[in-house]
K.L.:
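Sharing a structure, written as structure tokens. Questions coming.
The figures that follow rest on heavy atoms only: side chains count, while hydrogens, waters and symmetry mates do not. Labels below follow one simple rule: chain letters A, B, ... track the order of the sequence lines, proteins then strands, and each chain is numbered from 1.
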Protein chains: 2
Amino acid sequence: MKAAKRTKLEANGWKIGSADEFLNLSPEESVYIELKLSLSKSLKQRRSKENLSQVEFAKLVKTSQSRVAKMEAGDPSVSIDLLVKSLIALGASPKDLANAIS
Amino acid sequence: MKAAKRTKLEANGWKIGSADEFLNLSPEESVYIELKLSLSKSLKQRRSKENLSQVEFAKLVKTSQSRVAKMEAGDPSVSIDLLVKSLIALGASPKDLANAIS
DNA sequence: TGCATATATGTCATATATGACATATGATCT
DNA sequence: AGATCATATGTCATATATGACATATATGCA
């Protein structure tokens, strides 16, 4: 539950330094989580820019509002696959994705 | 089985134009598959550069040789998550990943 | 030829991600 | 206060990804 806990903290604004400051994450875990958070953030930005509510967006990508909320929170239960597919559905190109994570 | 079929073709060098030339993939599907293929390719490159066999690499990331082969083939049964985790295990940074897909 | 070593492919039991639901929290109104 | 809308959180049945195994297909070398 380490990663899960930290993700929560991050999402709620508890982040102070970067990544592995808080719990004892391996560098690999840190990179992975940072990546997911980058995508989450990008997703939220894009959805907001499109003036879509989570409910509307959920309908668009055929999922539920609750899952959208979890995507944007970087919840451990959501895969990078889902984040990427959702971003693509919002029109993101490979370059957009590259920018989001770099 | 559309995407699966096409991935096979691509991986075997049948690719002529780009992405959606072959089967009737939606633009979103195309982007998703291209992304996976980029990561697959990058993974194979990195592993080769490290002079690791699939068996050795499999041990390193705690999976099996067969799964490694599937990762590198862009098999539909492998997730972006797994590809990303594997790349990170080989030392790839977020920037490296960004470069790989852009 | 036979014998390694490397990679590919098919299948399957189990682990994990998924959508959906209920419900909670929060913000903004009248 | 209550009402409405947006977002968050917890849980669960089912779908999908996973590692592992067997086996196939190279490729090189004695």
K.L.:
A:Lys59 has an atom NZ; how far is it from atom C1' of C:dG19, in whole Å?
P.N.:
14 Å

K.L.:
Do B:Leu52 and B:Leu90 come close enough that some side-chain heavy atom pair is under 4.5 Å?
P.N.:
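Result yes, sub-4.5 Å side-chain heavy-atom pair found.
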
K.L.:
Heavy atoms only: give me the nearest B:Tyr32-B:Ile80 pair and the separation to one decimal.
P.N.:
CE1-CD1, 3.4 Å

K.L.:
Rounded to whole angstroms, how far apart are CD1 on B:Ile80 and C1' on D:dT18?
P.N.:
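Spelled out: CD1 on B:Ile80 to C1' on D:dT18 is 16 Å.
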
K.L.:
Could you give the CE-to-C1' distance, from A:Met71 to D:dT9, as a whole number of Å?
P.N.:
15 Å

K.L.:
Which of the following nucleotides, C:dT18, D:dT7, D:dG19, is nearest to the side chain of B:Leu82?
P.N.:
D:dG19

K.L.:
Ignoring backbone atoms, test whether A:Arg47 places a side-chain nitrogen or oxygen under 4.0 Å from the OP1 or OP2 oxygen of D:dA6.
P.N.:
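Looking at the OP1 and OP2 atoms of D:dA6, neither is under 4.0 Å from any side-chain N or O of A:Arg47.
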
K.L.:
Which nucleotide, D:dT7, D:dT18, C:dA6, lies nearest any side-chain atom of B:Ser53?
P.N.:
C:dA6

K.L.:
Between protein and nucleic acid, restricted to nucleotides 25-28 of chain D and to nitrogen or oxygen atoms under 3.5 Å apart, what atom pairs and distances do you find?
P.N.:
none

K.L.:
Does A:Glu72 come within less than 4.0 Å of A:Arg47, counting only side-chain N to carboxylate O?
P.N.:
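So A:Glu72 pairs with A:Arg47 through a salt bridge.
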
K.L.:
Are A:Met71 and A:Ser40 close enough, and set up right, to give a side-chain contact (heavy atoms from CB on, under 4.5 Å), and what steps lead you there?
P.N.:
CA-CA 6 Å; A:Met71 287 189 220; A:Ser40 300; 6.0 Å; no

K.L.:
Rounding to an integer number of Å, can you tell me how far A:Leu83 CG sits from C:dG19 P?
P.N.:
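About 11 Å, once rounded to whole Å.
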
K.L.:
May I have the distance from B:Asn51 (atom CG) to C:dT5 (atom P), rounded to whole angstrom?
P.N.:
17 Å

K.L.:
Is the phosphate of D:dT18 approached by B:Ser79 (side-chain N or O, under 4.0 Å from OP1 or OP2)?
P.N.:
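So the side-chain polar atoms of B:Ser79 do come within 4.0 Å of the phosphate oxygens OP1 or OP2 of D:dT18, strictly under.
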
K.L.:
Under 4.0 Å, heavy atom to any atom of DNA chain D: which of residues 61-70 of chain A qualify?
P.N.:
A:Gln65, A:Ser66, A:Ala69, A:Lys70

K.L.:
Grab the CG-C1' distance between A:Asp75 and D:dT9 for me, whole Å please.
P.N.:
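Taking atom C1' of D:dT9 as the reference, CG of A:Asp75 is at 9 Å.
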
K.L.:
So, does A:Lys44 get its side chain near the phosphate of D:dA8, meaning an N or O under 4.0 Å from OP1 or OP2?
P.N.:
yes

K.L.:
Among B:Leu82, B:Ile101, B:Val78, which one satisfies side-chain contact (heavy atoms from CB on, under 4.5 Å) with B:Leu39?
P.N.:
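Result: among B:Leu82, B:Ile101, B:Val78, B:Ile101 is the only option passing the side-chain contact (heavy atoms from CB on, under 4.5 Å) with B:Leu39.
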
K.L.:
Rounded to whole Å, please give me the gap between CZ in A:Phe57 and C1' in D:dT7.
P.N.:
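Whole-Å distance recorded here is 15 Å.
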
K.L.:
Distance-only, no hydrogens or angles: does the B:Asp96 side chain make a donor-acceptor pair with backbone N or O of B:Ser93 under 3.5 Å?
P.N.:
yes

K.L.:
Less than 4.0 angstrom from a charged side-chain N to a carboxylate O is my criterion; do A:Arg67 and A:Asp75 meet it?
P.N.:
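No, A:Arg67 and A:Asp75 are not salt-bridged.
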
K.L.:
If you round to the nearest 0.5 Å, how far is OG of B:Ser30 from CG of B:Leu37?
P.N.:
10.5 Å

K.L.:
What's the CD-C1' distance between A:Gln54 and C:dT25, to the nearest Å?
P.N.:
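Rounded to whole Å, this separation is 13 Å.
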
